[in-house]
Number of protein chains: 2
Amino acid sequence: MTTVSIKEVAELAGVSIATVSRCMNSPDKVSEKTRIKVQHAILETGYTPNTLAQSFRRGRTNIVMVVLPSIGDPFFTLVMRGIRNAADARGFSIIINETQFNTITADEIAAMVVSRQTDGIILLASMSPFGTEVLSEQSHRTLPIVVGCETVAPELSKFPSVHIDNVAAAKEATGYLISQGHERIALVCGSATSLLTKDREFGFRAAMREAQLKIELGWVVNGDLSVEGAIRATRSLLNHRHRPSAIFCTTDEMAIGCLHAIKSAGLSVPTDISVMGFDDTRYAAVMDPPLSTISQPAVEIGERVMYRLCREIDQGRGAGNSEKKPELVPHRLIIRESIAPPADL
Amino acid sequence: MTTVSIKEVAELAGVSIATVSRCMNSPDKVSEKTRIKVQHAILETGYTPNTLAQSFRRGRTNIVMVVLPSIGDPFFTLVMRGIRNAADARGFSIIINETQFNTITADEIAAMVVSRQTDGIILLASMSPFGTEVLSEQSHRTLPIVVGCETVAPELSKFPSVHIDNVAAAKEATGYLISQGHERIALVCGSATSLLTKDREFGFRAAMREAQLKIELGWVVNGDLSVEGAIRATRSLLNHRHRPSAIFCTTDEMAIGCLHAIKSAGLSVPTDISVMGFDDTRYAAVMDPPLSTISQPAVEIGERVMYRLCREIDQGRGAGNSEKKPELVPHRLIIRESIAPPADL
DNA sequence: CATTTTGCTGTAAACGTTTACATCTTGCCC
DNA sequence: GGGCAAGATGTAAACGTTTACAGCAAAATG
């Protein structure tokens, strides 16, 4: 049963292949009569257009690539859900490219751009700023790119982006800890090269500075975004000669590791140490104790990023005239039981 | 800067396009001299082959589709990692299709098959047996399909598969609970239409039967595979007039919800109720208490499934002569602190 | 040296679409 | 009825590769 092409439909219907093609793509350009004739022929032959040929001819694959650190992180899972929602609605498929916490290089992106397998790229992972620079020159002319979750310095980047105000959110989270009476607050965050990490760290430091609280050396621990990394980071904090009374983890995933490390050291949360997370993933509320955190509209971010990318794609590759201002979405502080005033108060 | 095609390379190198093509695909068929000439021309022009045209011409996209219930489940994340490892090694990209816990229909698969965007399909999600039947006739002739994680009745299915012995594993897990003295054991499992769920339920029932233990009505709770579903299921068990002394959850994801529901009802694990998980995801060990579970070689399953699919693809679409016997991989019972002898012992 | 073999290269067809352009039909207007 | 517009359809080129086949030169063989 060899695959049936447009030609056979044309023959059966007694028309030219052009007419068949028109029936599918612009039915208004073909007469009622022949249209139903062709319709029947299509049904009879069981014809379906060869997507490969279409992609080739149209120069469009209807595939977009999403680059992210880890699909395992429940937060990104949610963003992906949003992306997928929007993609489905627009008939796009998605290829996922996991960086496994490495910052992605311009070369790697360029390689994706060059292999024309995709119509556009969504960047949820950090690129080195240098990378961004190079890319914006080379590639954005040829392939639409939209950044999500990450803050991108607007003057640096020529890419549209969708994200929360990470600096403000981190400041708010830290501020809440301070408002509960904490003065010795540590930060467990991701790789120092990540812009997202930098922003949240910046917000943390700003809040501490404004409250005139000191950040001891070793209280800011850069790890990766994994549970295990957070366990190691927390252990080092517990052994610190100035043990913090609260730990702010810049992702819930890390907060899970943090909780575990504290509890398995025989301490209790929040009695001995308070823990703040970030992202409000589906595990946050079922942790023991339930995790205070910053909620991001993850699904919405995904949807908006994808729709934004669709706009870029539709208006022609790298038209460059689109609005590059970041789309900001709101975050929300969620108070649960993982935070209490410090014991020494 | 319009994209450069093979033609321009040919002109610059002073050869025909056929020669350029041969340089890239079968360099041994072209003389040393012209090869370096062409190499230079390629570098100079910055030529990269148009993947779309290649796919079209070769009838090969080097894309495979993975169908799974949920990328959010940490177990599938691991399987995906394995799949991706193997795919990267073989130059394949991956399109993910999430079913959101619904069983997938034959029609949906057929649609994927028909749109020739992919070279093959990996099924990690349950299909209705009927679907499998239909598919094997229609589609497997045209597009390679490999099943992972799921047990497939070998006489029913014409697809190769890679998975653990789910019946034996569930039996073993239940057996361990029994060996600890438990006699009132409940099961929290996924949708009743899922083969995987059925197998594990079957193993559970077999172990109970062999130990001559009674399964009260309402002790087997079918939900979805989500945390929330497990919370609801567990609550119903806690309110059961014969409250079980142990709960076996057929995935860790559900065990997380189960733990939460028990603890937030004011009971303690394992003192009041023991909990057994399944999958040994990265959260299992950091739960409170750490979760006893069945470990599957998830990454390996992914890799083997993908390699299997590569074999199918390479030997020509649906050659049909390939070995269809399921590849069994070993599982392992992991004992942690979530299980203790029942209080009434 | 004639013949065959070998190795390399070019020619051109093919893959299945889409689409600009040409052609043809029909009906309409003056 | 001649001319023309509008609408429907067909013709053929184009997209960028791969590859069967032909051709040709050089090397090997007798």
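Since the model is a prediction, treat every value here as computed from it, not as a measurement. Every chain is numbered from 1, with letters handed out A, B, ... down the list of sequences.
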J.: Do NZ/NE/NH1/NH2 and the carboxylate oxygens of B:Glu312 and B:Arg308 come within less than 4.0 Å?
T.: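 The answer is yes: the pair qualifies as a salt bridge.
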J.: Within this structure, what is the CD1-to-P distance between A:Ile6 and D:dG10, rounded to whole angstrom?
T.: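 Taking CD1 of A:Ile6 and P of D:dG10, I get 12 Å after rounding.
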J.: Roughly, in whole Å, what's the span from CG in A:Asn50 to P in D:dC15?
T.: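 From A:Asn50 CG to D:dC15 P: 19 Å.
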J.: Name the one of A:Val66, A:Leu196, A:Asn97, A:Val67 that satisfies side-chain contact (heavy atoms from CB on, under 4.5 Å) with A:Leu124?
T.: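 It is A:Val66, the one option of A:Val66, A:Leu196, A:Asn97, A:Val67 that forms the side-chain contact (heavy atoms from CB on, under 4.5 Å) with A:Leu124.
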J.: State, to 0.1 Å, how close B:Ile96 and B:Leu68 come at their nearest heavy-atom pair, and which atoms those are.
T.: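 Closest approach of B:Ile96 to B:Leu68, heavy atoms only: CG2-CD1, 4.1 Å.
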J.: May I ask you to verify if any side-chain N or O of A:Arg58 is less than 4.0 angstrom from the OP1 or OP2 atom of C:dT18?
T.: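 Yes, such a contact exists.
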J.: May I have the distance from B:Leu52 (atom CG) to D:dT17 (atom C1'), rounded to whole angstrom?
T.: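 Taking CG of B:Leu52 and C1' of D:dT17, I get 11 Å after rounding.
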J.: Please produce a list of atom pairs where a protein N or O lies less than 3.5 Å from an N or O of nucleotides 4-11 of chain C.
T.:
unit_1, atom_1, unit_2, atom_2, d
C:dT9, OP1, B:Ser31, OG, 3.0
C:dT9, OP1, B:Thr34, OG1, 2.8
C:dT9, OP2, B:Ser31, N, 3.0
C:dT9, OP2, B:Thr34, OG1, 3.1
C:dG10, OP2, B:Ser16, N, 2.9
C:dG10, OP2, B:Ser16, OG, 3.2
C:dG10, OP2, B:Thr19, OG1, 2.6
C:dG10, N7, B:Arg22, NH2, 2.8
C:dG10, O6, B:Arg22, NH1, 3.2

J.: Taking only the side-chain nitrogens and oxygens of A:Gln54, find out if one of them lies under 4.0 Å from OP1 or OP2 of C:dT18.
T.: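 Answer yes for this pair, as a side-chain N or O of A:Gln54 is under 4.0 Å from OP1 or OP2.
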J.: Stacking check: are the rings of A:Phe56 and D:dC15 less than 5.5 Å apart at their centres and under 30 degrees in tilt?
T.: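 Yes.
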J.: Could you walk me through whether A:Thr118 and A:Ile63 pass the side chain to side chain contact (heavy atoms under 4.5 Å, CB included) test, one step at a time?
T.: CA-CA 5 Å; A:Thr118 57; A:Ile63 298 176; 4.1 Å; yes
J.: Are any non-hydrogen side-chain atoms of A:Leu123 and A:Glu150 less than 4.5 angstrom apart?
T.: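 No, every pair of side-chain atoms sits at 4.5 Å or beyond.
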J.: Roughly how far, to the nearest 0.5 Å, is CE of A:Met306 from CE of A:Met80?
T.: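 Here the interatomic distance stands at 10.0 Å.
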J.: In this structure, how many angstroms lie between the C1' atom of C:dA14 and the CZ atom of B:Arg57, rounded?
T.: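 Atom CZ in B:Arg57 sits about 6 Å away from atom C1' in C:dA14.
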J.: What's the CD-P distance between A:Glu8 and C:dC15, to the nearest Å?
T.: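 It works out to 11 Å between those atoms.
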J.: Establish, with yes or no, whether the OP1 or OP2 oxygen of D:dT18 is under 4.0 angstrom from a side-chain nitrogen or oxygen of B:Asn25.
T.: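 For B:Asn25, the contact criterion (side-chain N or O under 4.0 Å from OP1 or OP2 of D:dT18) is met.
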